[in-house]
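Data block below; observations after.
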Amino acid sequence: METITLGTSGIRSSRIGLGTWAIGGWMWGGTDEVQAISTIRTALDLGITLIDTAPVYGFGTSESIVGKALSTGSLRQQAIIATKAGLEWSGGRPRRDSRPARLRQELEDSLRRLGTDYIDLYQIHWPDPLVPIEEVAEELHRMHREGKIRAIGVSNFSPLQMETFRRVAPLHTVQPPYNLFERGIDADVLPYAGRTGLTVLAYGALCRGLLSGRITMDTRFEGDDLRRTDPKFADMQLRSRYVRAVHALDALAQQHFGRDVLSLAVRWVLDRGPTVALWGARRPEQLDAIAGALAWNLGAQAMKEIDDILEHELDAPLGPEFMAPPERAAA
Ligand code: NAP
């Protein structure tokens with residue numbers, strides 16, 4: 001496993017992290033706890049140390065399953081638990097809420113669900129425009145000084161928002177969307193992280209499964225699976241363009257490296273900067289492919305050929321904005 005230090009925290013993490021949103025079930029068509037626990041333990045066996053979760057993933061379910069998976073032997077000490085705060089979900093619909101009292105309550109709830117007395121990396125899930133960033137940063141700084149959290153992160157923040165945060169508290173990581181098809185951060189967050197020493201936890205590294213190469217025009221999604229409304233999957237004309245791009249990327253990966261598109265997609269994220277690729281998996285066998293993404297590099301020529309394919313197949317690529325949760329109504 002390749003490793004990286006999370007900002008200036010001193011915490012050494014694997015460069016592939018396990019994403020556990022789907023493990024929570026909500027927006028992914030349900031959960032299977034036995035499979036989920038086995039997936040988390042398999043990830044640790046394979047050298048993945050960072051487990052990313054959040055209270056909102058299954059409204060507590062994902063964190064509880066992570067807690068159960070880490071409850072035996074020394075697994076808790078082996079793992080870097082990265083969880084989040086700042087979304088409330090009354091009525092089953094998430095809204096942004098980073099008021100300090102809520103963050104404090106969320107921390108206690110997360111510690112209980114995870115069965116631990118410290119969080120390794122605590123992240124603000126989405127910026128809340130109704131709370132000054134300085135107040136949010138001050139509360140996380142307090143938790144850090146108390147030893148309840150070992151490192152501080154933000155997610156879906158702009159460089160300007162991070163600059164404000166860093167005037168008040170140390171910041172170690174940022175978690176934006178990033179994959180071959182969703183490259184918005186190339187223009188701002190990624191260079192900012194490089195300049196300021198932040199580690200980037202790239203979410204959706206497989207573009208919600210599209211870059212696994214297993215999704216075809218016939219793939220159907222069940223129940224509340226968010227891919228039923230994700231424009232890249234739901235609009236069949238668009239889907240056909242993305243599937244064609246995946247085929248072209250797969251051919252390039254086979255020709256140049258004897259690997260498949262999934263390995264190429266994860267390697268691409270790892271070769272772009274100080275990144276950790278978050279890999280969403282809910283069945284142990286989905287992690288078999290990890291070795292294919294490690295211990296090689298793409299190089300400048302392949303990077304250029306990838307850009308050419310993307311430019312040719314997708315003249316107006318779509319971002320992941322459809323996933324952004326709404327704000328609260330102002331009081
Ligand atoms: P992802 O990693 O791009 O894709 C996950 C999906 O890819 C899986 O659920 C699975 O779909 C498919 N997959 C995984 N391995 C596979 C394999 N070997 N073969 C075929 N398909 C495979 O998407 P994500 O889960 O949304 O993102 C990763 C993590 O980032 C999340 O779990 C979460 O921790 C984090 N995240 C954070 C935010 C934020 O706002 N901070 C937002 C989104 C995600 P099936 O199980 O359906 O086959």
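Numbering of ligands and ligand atoms starts at 1, following listing order.
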Hey, looking at atom 33 (C) of ligand 1, which of Trp279, Tyr203, Tyr57 has the closest heavy atom? Tyr57

Can Asp117 and Arg112 be counted as an ion pair, charged N to O under 4.0 angstrom? no

For atom 19 (N) of ligand 1, what is the nearest protein heavy atom, given as residue, atom name and distance? Arg214 NH1, 3.5 Å

Nearest heavy-atom pair of Ile149 and Ile152: which atoms, and what distance? CD1-CG1, 3.9 Å

Are the aromatic rings of Phe157 and His125 close, with centres under 6.0 Å apart? no

Flag the pair Tyr203 / Trp279 as yes when their ring centroid distance falls below 6.0 Å, and as no otherwise. no

When you look for heavy atoms under 4.0 Å from ligand 1, do you find them on the side chain of Leu211, its backbone, both, or neither? neither

Electrostatic pair Arg113-Glu108, nearest N-O below 4.0 angstrom: no

In this structure, atom 40 (O) of ligand 1 is nearest to the protein heavy atom Asn156 ND2, 3.0 Å

Relative to the heavy atoms of Ala205, which atoms of ligand 1 are at a distance of less than 4.0 Å? 3 (O)

Can a salt bridge be assigned to the pair Asp45 and Arg41 using a cut-off of 4.0 Å between side-chain N and carboxylate O? no

the protein heavy atom lying closest to atom 31 (C) of ligand 1 turns out to be Trp21 CB, 3.7 Å

Would Glu134 and Arg167 pass as an ion pair if we require N to O under 4.0 Å? no

Within the 4.0 Å heavy-atom cut-off, what Ala54 brings close to ligand 1 is neither

Flag the pair Lys68 and Glu33 as a salt bridge only when some basic side-chain nitrogen lies within less than 4.0 angstrom of an acidic carboxylate oxygen. yes

Which of the atoms in ligand 1, numbered in the order shown and given with their element, are less than 4.0 Å from a heavy-atom of Trp126? 40 (O)

Pull out every atom of ligand 1 sitting under 4.0 Å from any heavy atom of His125, numbered as shown with elements. 39 (C), 40 (O), 41 (N)

For atom 3 (O) of ligand 1, what's the nearest protein heavy-atom neighbour? Residue, atom name and distance, please. Arg208 N, 2.8 Å

Which atoms of ligand 1 have any heavy atom of Arg227 under 4.0 Å away? 11 (O), 45 (P), 47 (O)

Which one holds for Gln286 and ligand 1: side chain close, backbone close, both close, or neither close, with close meaning a heavy atom under 4.0 Å? both

Taking both backbone and side-chain atoms of Ala22, is any N or O found less than 3.5 Å from an N or O belonging to ligand 1? no

Does any N or O of ligand 1 fall below 3.5 Å from an N or O anywhere on Ala281, backbone included? no

In the protein, which heavy atom is nearest to atom 24 (P) of ligand 1, and how far is it? Trp28 CZ2, 4.0 Å

Go through the side-chain N and O atoms of Ser62 and Thr20 and say whether any donor and acceptor fall under 3.5 Å apart. yes

Indicate yes or no: does Asp225 engage Arg228 in a salt bridge with an N to O separation below 4.0 Å. no

So which heavy atom in the protein is nearest atom 12 (C) of ligand 1, and how far is it from that ligand atom? Gly209 CA, 3.8 Å

Under a 4.0 Å threshold between the charged nitrogen and the carboxylate oxygen, would Asp32 count as salt-bridged to Arg283? no

Before signing off on this row, confirm whether Glu285 and ligand 1 have an N or O atom pair separated by under 3.5 Å. no

Under a 4.0 Å threshold between the charged nitrogen and the carboxylate oxygen, would Glu88 count as salt-bridged to Arg99? no

salt_bridge(Glu146, Arg142) N-O dist < 4.0 Å: no

Counting only heavy atoms, which portion of Thr53 has something under 4.0 Å from ligand 1: side chain, backbone, both, or neither? neither

Taking only Lys NZ, Arg NE, NH1 and NH2, and the carboxylate oxygens of Asp or Glu, determine whether Glu313 and Arg244 approach each other closer than 4.0 Å. yes

Subset of ligand 1 atoms that lie under 4.0 Å from at least one heavy atom of Asp52: 33 (C), 34 (O), 35 (C)

What are the atoms of ligand 1, with element, lying closer than 4.0 Å to any heavy atom of Cys207? 3 (O)

Less than 3.5 Å between some nitrogen or oxygen of Ser155 and one of ligand 1, yes or no? yes

From the options Gly204, Gly19, Gly280, select the one whose nearest heavy atom is closest to atom 27 (O) of ligand 1. Gly204

Specify the protein heavy atom at minimum distance from atom 17 (C) of ligand 1: its residue, its atom name, and the distance to 0.1 Å. Leu262 CD1, 3.7 Å

Is it the case that ligand 1 has an N or O less than 3.5 angstrom from some N or O of Arg282? yes

